[in-house]
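Each chain gets a letter, A, B and so on, in the order the sequences are listed, and its residues count up from 1. What you see below is based on every heavy atom in this structure, not just the backbone, and it leaves out hydrogens, waters and symmetry mates.
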Amino acid sequence: MERRHFDASWKRTVYCGSVGSGEENRNIVLNGWLRRRRDLGGILFLELWDHTGTLQVVINPENFSEELQEEARGLRSEFVLAVKGTLRVRPEGTENSSMPTGRWELLAEDFLVLSPSAPLPFELHEADRVDENLRLRHRYLDLRRDKMQRNLRVRHDVARYTRDFFADRAFLEVETPFLTRSTPEGARDYLVPSRVNPGHFFALPQSPQIFKQILMISGCDRYFQITKCFRDEDLRADRQPEFTQVDVEMSFTVEEDIFLLLEEYIQGLFARVLGEEVTPPFLRMSWKEAMSRYGSDKPDLRIPMEIVDLREVFENSSMEAFAALLARGGAVRGLALPRGGALSRKQVSLLEERAKELGAKGLGAFQIKEGILKGPLCKFLDPSASEKLQELGNLREGDALFVVADEDWKKACTVLGQLRLELAREHDLVEEAWRFLWVVDFPLLDWDEEESRWVAVHHPFTAPKEEDMDLLEKAPGEVRSRAYDLVLNGNEVGGGSIRIHDPRVQGKVFEALAFTPEAAEERFGFLLKALGSGTPPHGGIALGFDRLVMLLCGAKSIREVMAFPKTQKAQCLMSGAPGTVESQQLEELFIKTVSSDNPEKA
RNA sequence: GGGGUUGUAGCUCAGUCGGUUAGAGUGCCGGCCUGUCACGCCGGAGGUCGCGAGUUCGAGUCUCGUCAGCCCCGCCA
């Protein structure tokens, strides 16, 4: 027989998932992958899949030559087929109501195998239960599933909406370079050696921060970009070495403009992608309040548990360690767990262990059982203190209260903040909702023990609050910045700030960061020069695009919404990146490696 | 760098107190079956129990080490 091939006559006339009423009895052609096969001996049913869905194909041997019957019996999972035939309503009683196209089927008249497939390493319909390792190694198969196709499509929809949203509001999309200069502050850079400049390196951008500020100085007025950023740090479920940001910057702007713009953006996004309503304005909360009440700078407001101050209970109690700690300026904080009274001694001691792991010196526990407050610390509390404790913790019958004391107020809060998250998950206390929050008034600087100097909490170009400027020299840790984060259900989905537009202020901040004028000149000279050439007040925000898409998809990890993500060791299991290179390539770059496999143990 | 957890057939898992030939479901291969839809029925192949030591008469099981995946802490301006 003449060898047939994929010519124009075999091109699909309709997608598998989009057949519908009004098309009955038409001749159609489908192209797709064979998802399932049910061979009844005579009649043969195929489920043909493409990214739009699946349609049942009927192969009745009576309509086919011996040769094609034989070929049909040899069809296997994920073969790529073109099928010609008549679309028809299924015979009465054979409809499948659990299938979107279950009223129809294609009565095949001819088919062509376009490509065979080797047996699969895992079954596609069970991929959600399969080792992620395996899915990543065979990502082309993993992505050939409705769920992953849907995630990719949501991602596409978010990107498209984003582009339209900002373009409609006179934002200019500008590409900034990937081959750029290493920035000493912040995350580790990915480095790229320059062949034509021996011994010199590019760095892949951690964010387009400096470039977008320079675009403002250039008079671009409003800029946005959906762009990759790179950080060579350890990975998490919501962190990849390369990730995508929606980067936004505006000139002649103040915080309120950014909040309004982003709230409108988010409202439209949720309406468009999920058809759900979220209503601005979003709650705003100072960093200090967030830390104090939730022990986190990205509190999950779906959890109805709050950290409380127990100073009043313990400052005059006979628990001398706590009283002394409080007198020295330390903190005693508590977190109530509804129905935590039922926790066993073992469960409580596991929690105590966990608190220690998180850096607490210990964990005090109270439980109310049958109207009586119980716990090892009870003996230090007189009746009024005991009452005060129950009142502050808002304790009811059957509840528990956990107490952490620490010299450092922040430490006490963050330990309880982490326990809050873990307890809420364990005891199913996380409400179903979209809870947005702006966290504002971040500290500008944070003391770095290792380097024994102040470092920027956000980045070194964040503007300090005008009213805190005079603290910059006296009490750097007290200075608040004009930075803000957008938080959704405990995830930081965006962060930004009003930037410094006065070169003198920028100089002072560099000074506070212990950069000598020479070091500042060496590292950021071009920015300082630009700042001194007519800089509009400006500010902006960067949204974590992958995280946003993850939340919209209801996914547990950003890997689920990235086509080709990397593992925790920053490897691509499919392509095998990173890999070794030819020694000639290294020579060209004037690079010598110390040891090819394990430099640390060499 | 640290803590936790997982690793047994292609895949998902079971494997008792250390005991003879390591099982199930599914997939794969072969046979039967003309309205199935997770098709059904019958048969078959398929194992470096992650890897390496050790204890023991005997190790999938116990001990130590090691590798890999994932989650978390540190880190992520």
Side-chain angles (χ1 to χ4, degrees), chain A residues 35-47 54-63 69 73-74 76-77 90-99 101-102 105 107 118-138 141 183-189 206-207 209-210 229-241 243 350 353-354 356-359 414-415 418 421-422 425 442 444-446 448-451 454-462 481 483 492 495 497 509 513 542 544 556-557 559 566-569 571 573 598 600-601:
Chain A
R35 187 52 45 92
R36 277 195 156 105
R37 176 180 71 109
R38 289 180 288 276
D39 184 348
L40 271 63
I43 200 166
L44 176 64
F45 296 99
L46 308 177
E47 278 180 21
T54 309
L55 183 69
Q56 173 162 285
V57 173
V58 185
I59 304 231
N60 190 327
E62 288 161 16
N63 303 333
Q69 284 182 42
R73 302 265 170 247
R76 291 295 180 269
S77 287
R90 291 193 187 188
E92 210 174 326
T94 66
E95 305 89 354
N96 183 349
S97 60
S98 63
M99 201 177 167
T101 61
E105 64 187 12
L107 186 62
L120 304 179
F122 60 91
E123 289 158 66
L124 263 45
H125 57 279
E126 285 187 340
D128 282 336
R129 297 167 49 213
V130 163
D131 197 32
E132 196 182 358
N133 198 348
L134 198 68
R135 292 173 51 204
L136 290 177
R137 203 169 316 141
H138 307 275
L141 292 175
T183 49
E185 293 285 281
R188 262 188 290 272
D189 290 315
Q206 297 174 26
S207 97
Q209 183 59 37
I210 293 175
C229 302
F230 305 86
R231 292 178 191 174
D232 187 4
E233 294 292 344
D234 287 351
L235 279 62
R236 288 282 191 284
D238 63 352
R239 276 170 20 193
Q240 284 271 312
F243 59 99
L350 279 175
E353 236 169 80
R354 180 67 185 136
K356 284 180 181 167
E357 268 172 35
L358 293 168
T414 52
V415 170
Q418 187 61 34
L421 293 179
E422 293 173 14
R425 265 178 230 138
F442 279 82
L444 183 73
L445 304 167
D446 194 18
D448 186 317
E449 287 292 344
E450 271 178 39
E451 294 192 48
W454 294 97
V455 294
V457 166
H458 205 62
H459 58 57
F461 321 113
T462 302
S481 74
E492 182 196 331
S497 64
V509 169
L513 292 168
K556 286 202 166 64
S557 154
R559 295 187 297 270
K566 293 182 172 58
T567 66
Q568 205 166 44
K569 279 246 173 101
Q571 293 174 331
L573 295 181
N598 198 337
E600 285 193 14
K601 286 178 187 170

Counter-base of [N], judged by Watson-Crick or G-U geometry with both distances under 3.5 Å:
N	value
B:G7	B:C67
B:G23	B:C13
B:G54	B:C62
B:G35	none
B:G44	B:C28

TODO: Output all residues satisfying side-chain contact (heavy atoms from CB on, under 4.5 Å) with A:Pro61, sequence neighbours left out; order by chain, then residue number.
DONE: A:Gln69
- [ ] Identify, with sequence neighbours excluded, every residue that meets side-chain contact (heavy atoms from CB on, under 4.5 Å) alongside A:Arg188.
- [x] A:Asp232, A:Glu233
For [N], does the base pair up with any side-chain atom of [X] as donor and acceptor (N or O, under 3.5 Å, distance only)?
X	N	result
A:Glu357	B:G4	no
A:Arg239	B:C76	yes
A:Arg90	B:U36	yes
A:Asp234	B:G74	yes
A:Glu105	B:G35	yes
A:Gln56	B:U36	yes
A:Arg354	B:C72	no

Suppose you measure atom [atom1] in [N] against the same atom in [M]; what distance do you get, rounded to whole Å?
N	M	atom1	value
B:G4	B:C17	C1'	28 Å
B:U63	B:G7	P	15 Å
B:A9	B:A24	C1'	11 Å
B:G58	B:U20	P	15 Å
B:G19	B:G31	P	42 Å
B:G50	B:C29	P	28 Å
B:G47	B:G23	C1'	11 Å
B:G15	B:C62	P	12 Å

Tell me whether the side-chain N/O atoms of [X] come closer than 4.0 Å to OP1 or OP2 in [N].
X	N	value
A:Gln571	B:G69	yes
A:Arg137	B:G69	no
A:Arg38	B:U36	no

Using a heavy-atom cut-off of under 4.0 Å over every strand shown, decide if [X] touches base, sugar-phosphate, or nothing.
X	result
A:Thr462	nothing
A:Asp446	nothing
A:Val455	nothing
A:Thr94	base
A:Pro119	nothing

Can you tell me the distance, in whole Å, between the [atom1] atom of [X] and the [atom2] atom of [N]?
X	N	atom1	atom2	value
A:Arg129	B:G25	CZ	C1'	9 Å
A:Glu126	B:U12	CD	P	9 Å
A:Leu134	B:G69	CG	C1'	11 Å
A:Lys556	B:C71	NZ	P	12 Å
A:Asp448	B:C75	CG	C1'	11 Å
A:Asp131	B:U26	CG	P	22 Å
A:Arg236	B:C70	CZ	P	12 Å
A:Leu421	B:C73	CG	C1'	13 Å

- [ ] Let me know, please, whether A:Pro61 or A:Gly186 comes out on the 5' side of the other along RNA chain B by nearest nucleotide.
- [x] A:Pro61
- [ ] Nearest-nucleotide wise, let me know which of A:Glu95 and A:Asn133 is further upstream toward the 5' end of RNA chain B.
- [x] A:Glu95
Task: Whether A:Phe45 stacks on the six-membered ring of B:U36 base, 5.5 Å and 30° limits - done: yes
One thing to verify: whether [Y] and [X] come together as a salt bridge, which I'm taking to mean a side-chain N less than 4.0 angstrom from a carboxylate O.
X	Y	value
A:Glu126	A:Arg129	yes
A:Lys356	A:Glu353	no
A:Glu47	A:Arg37	no

Can you identify which nucleotide, out of [options], has its nearest atom closest to the [X] side chain?
X	options	result
A:Lys569	B:U26, B:C39, B:A68	B:A68
A:Glu132	B:C70, B:C11, B:C37	B:C70
A:Thr567	B:C72, B:C70, B:A68	B:C70
A:Val130	B:G35, B:C11, B:C39	B:C11

Any heavy-atom pair between the side chains of [Y] and [X] that's under 4.5 Å?
X	Y	value
A:Arg36	A:His125	yes
A:Ile59	A:Leu46	yes
A:Leu573	A:Asn133	yes

- [ ] Determine, stepwise, if the pair A:Gln568 / A:Arg239 fulfils side chain to side chain donor-acceptor pair (under 3.5 Å).
- [x] CA-CA 9 Å; A:Gln568 205 166 44; A:Arg239 276 170 20 193; over 6 Å; no
